Amino acid sequence: MTGASASQNYLAKAAAPEKVGVEGLEDKWSIAWENDGVYRFNREASREQVYSIDTPPPTVSGSLHVGHVFSYTHTDVVARFKRMSGFEVYYPMGWDDNGLPTERRVQNFFGVRCDPSLPYDPSFTPPFEGGDNKSSKAADQIPISRRNFIELCERLTTEDEKQFEALWRKLGLSVDWAQTYQTISPDAQAVSQKAFLNNLSRGEAYQSLAPTLWDVTFRTAVAQAELEDREQPGAYHRVGFDGPDGKVFIETTRPELLPACVALVAHPDDERYQGLFGKTVRTPLFEVEVPVVAHRLAQIDKGSGIAMICTFGDVTDVIWWRELDLPNRAIIGFDGRILADAPEGIESARGLEIFAEIAGKTVFSAKQRIVELLQETGDMVGDAKPISHPVKFFEKGDKPLEIVSTRQWYIRNGGRDAALRDELIAAGKKLNFHPDFMRVRYENWVNGLTGDWLISRQRFFGVPIPVWYALDANGEPDFEKVLTPDAASLPVDPSTDVPAGYTESQRGQANGFIGEVDIMDTWATSSLTPQLAGGWISDPEKYAKVFPFDLRPQGQDIIRTWLFSTLLRSHQESGQLPWSNAAISGWILDPDRKKMSKSKGNVVVPAEPIDNHGADGVRYWAAAARLGTDAAFDEAQMKVGRKLAVKILNAARFALGFEVPAADATVTEALDQAMLLDLAAVIDEATEAFASYDHTKALEVAEKFFWGFTDDYLELVKDRAYGQGGVTEQEQASAVLALRIALHNLLRLFAPFLPYATEEVWSWWQTGSIHRSAWPKSADFANSLDVANRGLLQSAAAAVFKIRKAKSDAQVSMRADVQSATLKAPAELIGQLRQVAPDLRAVGHIFELNLVEASELELTDLVLVAE
RNA sequence: GGGCGUAUGGCGUAGUGGUAGCGCGCUUCCUUCACACGGAAGAGGUCACUGGUUCGAUCCCAGUUACGCCCACCA
């Protein structure tokens with residue numbers, strides 16, 4: 001412990017500069033902290049002494065955002081409090097450089113795209129560097145090999161990570177920079193692969209050939225957690241099917257899926273269609289007989305109440321298809337275009353002819369053509385009715401998702417397993433959410449899961465799924481025969497590494513093997529940040545000391561992804577919660593209270609506010625927002641924070657400027673004791689607030705006390721501390737010592753929020769870093785104080801206020817000399833004021849102050865000294 | 001359609017079952033002995049709306065509205 005001796009240092013000699021300011025403190029101290037290893041994690045600490053933080057690894061895909069500064073400051077404030085409270089804080093930093101955002105940025109930045117079929121070119125240099133998001137169209141991008149592409153990814157992310165680190169250092173995050181990780185590093189790949197293989201061996205990972213939500217731009221499957229709805233224009237087309245008793249009309253927004261129609265569906269209770277259930281109708285144009293079926297999900301009041309089921313227009317189609325055991329007549333390919341071959345079922349020459357015409361077209365063009373044809377034949381009634389409706393998108397994509405049948409890897413997540421779901425809900429109840437109501441979002445998500453977690457992605461820059469498949473005598477893969485690597489050989493790349501018992505020459509050969517080409521979803525790696533950050537594979541000894549982590553800070557938007565998936569993986573791997581606390585930060589809104597986002601173009605780059613208002617100023621703004629609450633980007637608040645930092649420097653310079661009292665000096669005077677009693681209460685309150693993750697409250701009480709300290713107490717004791725007005729040595733020493741005790745404690749109270757200004761002052765008179773000093777304890781100084789003095793400062797301040805008001809009303813300087821004045825006060829107050837009368841006369845420059853009992857506090861009979 | 005959160009002077013925010021606090025901004029005044037990156041004083045609010053519980057509601061309850069977010073089976 002570092003702090004036991006802190007209370008001995010009140011009387012240290014101080015060397016404050018003549019002129020103080022906050023300029024340059026960031027550079028000066030961030031370098032000093034690094035050189036002195038102030039935030040270095042001491043791995044010799046016991047598990048009980050460690051406070052570990054599962055820091056969010058920022059996505060290293062380019063631009064920084066003030067939102068980053070906001071939430072990371074919250075975490076840092078907690079880290080600093082815990083460190084000062086005697087914990088050995090494990091505060092690492094990760095970089096999320098794995099996945100689509102990086103791929104996309106590399107494509108644009110270097111003007112390239114990945115073509116895994118190409119060979120590696122060791123001498124490749126990109127056509128240019130520094131392209132922005134708009135400059136490169138797919139057609140202009142140079143195709144390069146996967147290995148070349150990944151090299152460029154790594155090159156770019158290394159640059160981006162340097163920028164992030166520089167920003168974090170300037171902001172004053174107390175991260176241990178010796179503890180960093182990357183989600184694409186070999187260690188991260190090994191962690192991901194090991195966890196996956198463990199899932200596989202426990203039966204938690206499996207593969208399945210099934211309809212999958214598919215992004216046609218990125219040509220990859222996506223998971224439920226990556227979906228978002230977007231309101232899109234569409235149109236209802238009223239289309240007639242030939243039924244046994246005449247036309248049956250349905251309404252559809254996707255007439256191009258007519259050849260994929262496998263049935264019509266209506267609600268079992270819908271009286272209009274009772275006679276049709278069990279019969280068949282004929283699709284227009286394609287002339288396929290399809291059954292009319294009943295299902296509870298059909299909505300009586302929607303459209304005509306009867307809908308066509310296609311393979312697959314939306315996820316409801318998938319449910320119908322599965323539950324009603326319908327045939328698969330999928331017509332959309334991986335590229336979002338209509339497949340070349342007509343599905344089974346279309347047999348008529350006319351139907352085949354029409355299909356041939358739309359084959360290869362985009363969904364959009366196919367729709368146009370089908371509508372034309374339907375109108376020509378009269379199978380479509382009237383014009384299309386424009387509507388606006390929600391459509392599912394991949395959150396990073398810009399074309400609607402299609403549903404394509406593919407073989408994919410899944411991890412069980414409770415979506416199809418009530419027992420697991422209940423376990424996960426129970427685990428969530430044991431996790432301390434800050435604020436508590438955020439737990440509901442977690443529970444909503446878990447209860448709303450509709451399927452297992454699809455983790456395979458048909459992309460390039462990511463962690464390969466570490467399996468191979470045996471090929472049969474015909475050279476066809478046997479997906480039942482999954483070949484896995486030894487744990488010791490991780491990480492592996494199945495496209496270049498060879499499974500045990502095979503040789504490279506057998507790749508792709510009959511009775512040989514092929515490697516899995518898919519990579520894992522980024523969340524499959526991000527869900528392992530405790531294992532990555534803690535050194536699960538690379539440093540088991542450290543891992544045992546930091547896992548389970550104490551804190552997971554994160555944004556509310558990724559409760560369904562990051563928080564949930566991390567909890568799931570930890571539950572599967574260790575049966576434990578990955579952390580005991582989850583601190584959820586709110587959004588940053590622009591001054592118009594709109595969420596900041598790149599698409600709105602209202603993002604503020606964080607380096608600017610730091611340059612303009614100082615790191616302490618920006619941190620003050622961020623720290624003033626409570627967890628879970630949105631905050632406006634507010635430069636005025638940053639100015640206030642900067643002002644506070646400047647005030648601390650000046651007040652400290654003043655308080656430390658008086659002659660140092662003798663070693664045996666004590667705080668004897670009632671007013672000085674009263675001030676320290678107030679401070680003791682503030683320390684207790686701030687400590688309690690911090691303990692319950694309410695850092696805003698801690699800041700608020702400290703700040704409130706501080707302004708009263710400077711405005712009132714400092715003014716009251718100024719003359720006495722100078723030894724003016726015939727005060728005794730004891731009276732003088734009491735004031736000076738009280739000032740120093742207050743400053744010593746106040747600096748430490750503010751240290752988590754304003755690390756630069758407080759460290760600067762600390763360095764004038766103390767040794768070591770304030771950020772390794774002990775968090776203040778009221779018992780260090782308050783036990784010897786007479787509690788009868790409590791409240792005296794407040795009473796004195798009330799009298800000072802009256803004196804100032806009288807001068808303000810008289811429009812004279814606060815320093816104007818007063819010949820005489822009468823202070824009237826109620827009986828219970830007058831005794832207190834008598835105790836502090838000399839200090840009151842000093843602050844008011846009043847030669848003769850008469851104290852008179854009255855019903856209300858009042859200053860009268862002000863007689864100024866004539867000029 | 002379901003859920004969660006928020007609503008307090010021009011703006012940003014505390015707070016409590018008993019006459020509403022703070023900061024910014026604003027008005028007026030005060031300069032140089034810690035601080036003009038300053039100091040002092042002042043004006044400014046029927047605590048979103050409607051009911052209910054209560055002696056008494058900004059606070060508790062119900063409903064409404066607005067905003068934000070999450071979720072939803074979206075023909």
Side-chain angles (χ1 to χ4, degrees), chain A residues 16 18-23 227-229 231-232 234 236-237 250-254 257 264-265 295-299 302-310 313-320 387-392 435 437-445 447-450 556-557 559-560 586-587 589 591 593-595 613-614 617 621 624-626 628-632 634-637 639-640 642-658 696-697 700-701 703-704 707 710-711 714-715 718 722 800-801 803-816:
Chain A
E18 266 307 300
K19 189 83 182 159
V20 300
V22 294
E23 285 76 17
L227 304 183
E228 70 182 30
D229 284 359
E231 200 65 24
Q232 293 286 303
Y236 280 131
H237 303 75
I250 57 111
E251 293 200 354
T252 179
T253 55
R254 304 213 46 189
L257 291 178
L264 296 191
V265 65
H295 193 277
R296 68 196 143 77
L297 289 183
Q299 289 176 33
K302 196 148 210 169
S304 55
I306 189 163
M308 69 171 182
I309 302 175
C310 304
D314 60 34
V315 293
T316 319
D317 279 341
V318 178
I319 296 170
W320 282 326
I387 55 157
S388 175
H389 63 154
V391 176
K392 283 202 190 307
F437 66 75
M438 289 293 178
R439 180 182 294 102
V440 178
R441 301 194 179 189
Y442 167 80
E443 292 177 350
N444 282 350
W445 174 253
N447 285 322
L449 288 167
T450 57
Q556 56 189 330
D557 52 330
I559 289 174
R560 65 175 182 166
W587 295 115
L589 309 173
R593 300 210 70 80
K594 295 275 187 295
K595 182 185 161 187
H613 308 292
W621 158 74
R626 13 168 48 116
T629 305
D630 296 344
D634 185 0
E635 298 203 81
Q637 278 302 108
K639 285 183 188 154
V640 174
R642 183 189 171 92
K643 202 172 108 169
L644 175 63
V646 170
K647 189 79 172 180
I648 287 173
L649 294 175
N650 280 300
R653 188 169 90 83
F654 178 60
L656 294 171
F658 302 106
T696 53
K697 178 87 177 171
E700 191 185 308
V701 296
E703 193 184 2
K704 188 172 180 205
W707 286 110
T710 57
D711 291 349
L714 228 45
E715 295 297 333
K718 190 182 271 186
Y722 275 124
V800 170
F801 173 79
I803 294 168
R804 284 171 174 162
K805 182 160 169 52
K807 288 192 171 180
S808 191
D809 289 347
Q811 299 200 346
V812 297
S813 163
M814 290 300 138
R815 291 206 168 89

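Numbers restart at 1 for each chain; the letters A, B, ... are given by sequence-line order, proteins then strands. Only a predicted model underlies this, so the values are computations on that prediction, with no experimental measurement involved. Side chains are part of it too, since the values below use all heavy atoms of this structure and drop only hydrogens, waters and symmetry mates.
Of all the heavy atoms in A/Q637 and A/A624, the pair that sits closest is NE2-CB, 4.3 Å. Considering all non-hydrogen atoms of both residues, A/L257 and A/C310 come closest at O-SG, 3.5 Å.
Atom NZ in A/K697 sits roughly 11 Å away from atom P in B/A14 (whole-Å rounding). Separating the CE atom of A/M438 from the P atom of B/G68 is a distance of 17 Å, rounded to the nearest angstrom. The CG-P distance, from A/N444 to B/A72, rounds to 10 Å in whole Å. For the pair A/R439 CZ and B/G5 C1', the computed distance is 16 Å after rounding to whole Å. Atom NZ of A/K639 is separated from atom C1' of B/U13 by 18 Å (rounded to the nearest Å). If you measure from atom CD of A/Q556 to atom P of B/U6, you get 12 Å, rounded to the nearest angstrom. Distance NZ (A/K807) to P (B/C30): 14 Å, rounded to an integer number of Å. Per the geometry, NZ belonging to A/K718 stands 9 Å off P belonging to B/C33, to the nearest Å.
Nearest-nucleotide assignment on RNA chain B puts the 5′-proximal partner with A/F654, out of A/R296 and A/F654. Residues A/V22 and A/R441 each lie close to RNA chain B; by heavy-atom proximity, the contact nearer the 5' end of the strand is made by A/V22.
Picking from B/G39, B/C73, B/C30 the nucleotide with the shortest atom distance to the side chain of A/W707 gives B/G39. The A/R815 side chain lies nearest to B/C33 when the options are B/G5, B/A75, B/C33. Taking every side-chain heavy atom of A/F437 into account, B/G5 is the closest of B/C35, B/G5, B/A75. Distances from the side chain of A/L297 to the nucleotides B/U31, B/A41, B/C73 place B/C73 closest. Which of B/G39, B/A14, B/A75 sits closest to the side chain of A/W320 comes down to B/A75. The side chain of A/T316 lies closest to B/C73 when the candidates are B/C4, B/A75, B/C73.
Rounded to the nearest Å, the gap between the C1' atom of B/A14 and that of B/G21 is 7 Å. Atom P of B/G42 sits at a distance of 40 Å from the matching atom of B/G5, rounded to the whole Å. Here, B/G38 and B/G25 have their P atoms 9 Å apart, quoted to the whole Å. Nucleotides B/U13 and B/U6, compared at atom C1', are 13 Å apart to the nearest Å. Nucleotides B/G12 and B/G44 place their C1' atoms 16 Å apart, quoted to the nearest Å. Nucleotides B/A7 and B/U58 have their C1' atoms positioned 12 Å apart, rounded to a whole Å. On the P atoms, B/C59 is 28 Å away from B/G1, given to the nearest whole Å.
Side-chain nitrogen and oxygen atoms of A/K302 include at least one within less than 4.0 Å of the OP1 or OP2 phosphate oxygen of B/A75. At least one side-chain nitrogen or oxygen of A/R626 sits closer than 4.0 Å to the OP1 or OP2 atom of B/A14. One finds no side-chain N or O of A/K19 lying less than 4.0 angstrom from the OP1 or OP2 phosphate oxygen of B/C37. Under 4.0 angstrom from either OP1 or OP2 of B/G42 there lies at least one side-chain N or O belonging to A/K805.
Counting only heavy atoms from C-beta outward, the side chains of A/K718 and A/E715 approach each other to under 4.5 Å. Counting only heavy atoms from C-beta outward, the side chains of A/D634 and A/W621 approach each other to under 4.5 Å. Put simply, the side chain of A/E703 reaches to within 4.5 Å of the side chain of A/L644, judged on heavy atoms. The closest side-chain heavy-atom distance from A/V20 to A/N650 is below 4.5 Å. The closest side-chain heavy-atom distance from A/F654 to A/L714 is below 4.5 Å.
Across all strands shown, B/A75 has no partner, as no Watson-Crick or G-U wobble contact with both distances under 3.5 Å is found. When Watson-Crick and G-U wobble pairs are counted only if both distances are under 3.5 Å, B/U53 pairs with no nucleotide at all. As the counterpart of B/C4, B/G68 is assigned, both hydrogen-bonding distances of the Watson-Crick or G-U wobble pattern falling under 3.5 Å. Across all strands shown, B/G38 pairs with B/C30; the Watson-Crick or G-U wobble distances both stay below 3.5 Å. Pairing of B/G45, defined by two Watson-Crick or G-U wobble distances under 3.5 Å, is not identified with any nucleotide.
Residues A/E635 and A/H613 have side chains that bring a donor and an acceptor to within less than 3.5 angstrom of each other.
Screening A/D317, A/V265, A/T252 for a side-chain contact (heavy atoms from CB on, under 4.5 Å) involving A/M308 leaves a single residue, A/T252.
The residue A/V391 sits close to a base: some heavy atom pair falls under 4.0 Å. Within 4.0 Å (heavy atoms only), A/A655 reaches no atom of the nucleic acid at all. Residue A/E23 is in base contact, counting any heavy-atom pair closer than 4.0 Å across all strands shown. The residue A/I319 sits apart from the nucleic acid: no heavy atom pair falls under 4.0 Å. Residue A/D711 is in sugar-phosphate contact alone, with no base atom involved, counting any heavy-atom pair closer than 4.0 Å across all strands shown.
To the nearest 0.5 Å, the span separating OG on A/S808 from CD1 on A/I803 amounts to 13.5 Å.
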Scan nucleotides 22-26 of chain B against the protein and return all N/O pairs shorter than 3.5 Å with their distances rounded to 0.1 Å.
| residue | atom | partner | partner atom | Å |
| --- | --- | --- | --- | --- |
| B/C24 | OP1 | A/K643 | NZ | 2.9 |

